[in-house]
Amino acid sequence: VMRGLVAGAVNYITKPFDPYFLLEKVQRMLERSEKLVLIAEDDRPVLELLTYKFRAAGCKVISAHDGIAALALMQEHSPDIVIL
């Protein structure tokens, strides 16, 4: 948590979490404007589903299949939301 906050995170949710609570937090963030979302997920069907859902919500999406790629994309693009 501390590394995330030091890296610039302004909010976080840890596991286990209530999916409805997560949905509410993400929806509040998405209401502000079109957001760039980075999704880091090694399970391809889950990655595709999340990508589809966030794009359908009007977000720009970039994705990574592992943590190293996600860190590189974070530095390059400065996403508004990161889903791990």
Side-chain angles (χ1 to χ4, degrees):
V1 170
M2 289 306 299
R3 282 190 297 189
L5 293 172
V6 168
V10 294
N11 210 330
Y12 66 91
I13 298 174
T14 58
K15 293 180 183 178
F17 60 86
D18 175 359
Y20 295 105
F21 180 70
L22 173 63
L23 177 63
E24 180 182 312
K25 280 194 136 189
V26 171
Q27 284 177 329
R28 271 185 286 170
M29 291 186 78
L30 293 175
E31 288 174 353
R32 296 181 191 150
S33 66
E34 185 178 273
K35 299 288 183 180
L36 176 61
V37 178
L38 166 60
I39 302 171
E41 176 58 56
D42 61 354
D43 185 331
R44 189 151 207 51
V46 173
L47 177 61
E48 290 174 0
L49 175 65
L50 290 171
T51 298
Y52 172 80
K53 290 292 190 178
F54 278 96
R55 283 187 177 148
C59 298
K60 294 178 184 177
V61 177
I62 53 176
S63 61
H65 296 288
D66 61 42
I68 293 171
L71 286 172
L73 287 171
M74 285 176 61
Q75 291 175 345
E76 183 179 341
H77 297 282
S78 298
D80 299 297
I81 301 172
V82 179
I83 305 294
L84 304 171

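Keep in mind that what you see is a predicted model, and the values were worked out from it rather than measured.
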Report the C-alpha separation of I62 and V37 in whole Å, then their side-chain angles, then the decisive distance to 0.1 Å, and conclude whether the side chain to side chain contact (heavy atoms under 4.5 Å, CB included) test is met. CA-CA 6 Å; I62 53 176; V37 178; over 6 Å; no

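The line from SG of C59 to CD1 of I39 is 8.5 Å long, rounded to the nearest 0.5 Å. F54 contributes atom CZ, which lies 4.0 Å from atom CD1 of I83 (distance to the nearest 0.5 angstrom).
When hydrophobic clusters are built by joining Ile, Leu, Val, Met, Phe, Trp and Tyr residues whose side-chain heavy atoms come closer than 4.5 Å, directly or via intermediates, L84 is not grouped with L23. Both I81 and V46 are part of a single hydrophobic cluster, where members link through side-chain heavy atoms under 4.5 Å apart.
Contacts of K60 classified as side-chain hydrogen bond (donor to acceptor under 3.5 Å, both in side chains), with partners at least two apart in sequence or in another chain: none. Taking the salt bridge (charged side-chain N to carboxylate O under 4.0 Å, His left out) definition, one finds that K53 meets it with nothing, sequence neighbours left out. Not counting sequence neighbours, the partners of Y20 by the side-chain contact (heavy atoms from CB on, under 4.5 Å) test are D18. S63 is linked by a side-chain contact (heavy atoms from CB on, under 4.5 Å) to L47, counting only residues two or more places apart in sequence or in another chain.
Here the closest non-hydrogen pair linking L36 and V61 is CD1-N, 4.4 Å. In this structure, L38 and A70 approach most closely via the heavy-atom pair CD2-O, 3.5 Å.
A salt bridge (Lys or Arg N to Asp or Glu O under 4.0 Å) check over residues 38-51, counting only residues at least two apart or in different chains, returns the pairs R44-E48. The list of salt bridge (Lys or Arg N to Asp or Glu O under 4.0 Å) pairs with a residue in residues 66-83, not counting sequence neighbours, is empty.
The number of heavy-atom neighbours closer than 6.0 Å to CD1 of I68, taken from other residues, nucleotides and ligands shown, is 12 or below.
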